[in-house]
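Comments concern the structure below.
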Amino acid sequence: MIHAYFDYLTGEYPRGTSHGMLLVQQHGPGRGLPWAPEGVRKMIARAPARAGLGRIRPHGFRHSFATAALDASDGNLVVTRDAGGWASAQVVDEIYAHVDVNDPVFNAALLKTWVD
């Protein structure tokens, strides 16, 4: 996926765009203009169906990103807040962050609960 993203940015993404939007029209008179939100929604609806993944909810990306950023930063809420563009670390902690299943304390608590 990373290679596909790199290829898109270095090969297909129109040069000279000033808006900084990632998803842009590739053909026609609107070439280089950003996609409308409805176009992105339709693409997100089609792509997982083509790949056999079922329905994907775009808002879930924020949760996945927050969890991955927290894991990569050893649970640093400020780093995760800044990386994801959230207004506060409290929002990350209370809404987007999910428990770290790799945390030994969490695993021990689960094992104690399941075994006892």
Side-chain angles (χ1 to χ4, degrees):
M1 187 159 185
I2 292 171
H3 291 289
Y5 174 72
F6 181 78
D7 289 344
Y8 169 71
L9 285 181
T10 59
E12 298 176 46
Y13 193 85
R15 302 279 179 235
T17 56
S18 60
H19 50 69
M21 301 300 285
L22 177 62
L23 299 174
V24 297
Q25 297 178 41
Q26 295 292 323
H27 307 285
R31 179 175 165 75
L33 294 176
W35 284 10
E38 184 60 22
V40 176
R41 283 187 204 97
K42 287 179 180 178
M43 183 270 303
I44 289 176
R46 285 190 310 266
R50 290 178 181 166
L53 299 174
R55 185 173 181 206
I56 291 178
R57 291 172 178 82
H59 189 75
F61 295 143
R62 291 185 65 78
H63 292 272
S64 298
F65 179 83
T67 301
L70 277 169
D71 192 33
S73 68
D74 262 348
N76 189 320
L77 291 169
V78 174
V79 168
T80 303
R81 175 202 66 198
D82 292 347
W86 285 281
S88 72
Q90 182 178 354
V91 168
V92 175
D93 188 33
E94 294 178 1
I95 297 173
Y96 290 102
H98 298 286
V99 69
D100 181 6
V101 295
N102 301 313
D103 181 359
V105 174
F106 177 72
N107 282 330
L110 283 180
L111 288 173
K112 180 170 175 41
T113 303
W114 290 337
V115 172
D116 290 345

Cluster question for you: counting only ILVMFWY and a side-chain heavy-atom cut-off of under 4.5 Å, with indirect links fine, are Val79 and Phe65 together? no
Rounded distance (nearest 0.5 Å) linking atom OG of Ser73 with atom CZ of Arg81: 11.5 Å
CG of Leu77 to CG of Asp82: how many Å apart, nearest 0.5 Å? 11.0 Å
Taking distance alone, no hydrogens or angles, what donor-acceptor pairs closer than 3.5 Å link side-chain atoms of residues 41-48 to residues at least two apart or in another chain?
residue, atom, partner, partner atom, Å
Arg41, NH1, Glu38, OE1, 3.2

Heavy atoms of other groups near Gln26 CD, more than 12 under 6.0 Å: yes
Apply side-chain hydrogen bond (donor to acceptor under 3.5 Å, both in side chains) to Gln25 and list each qualifying residue two or more places apart in sequence or on a separate chain. none
Hey, quick one: are Leu33 and Val40 part of the same hydrophobic cluster, counting side-chain heavy atoms closer than 4.5 Å, chains of contacts allowed? no
Going by ring-ring contact (aromatic ring centres under 6.0 Å, His included), name the residues that satisfy it together with Trp35, two or more places apart in sequence or in a different chain. none
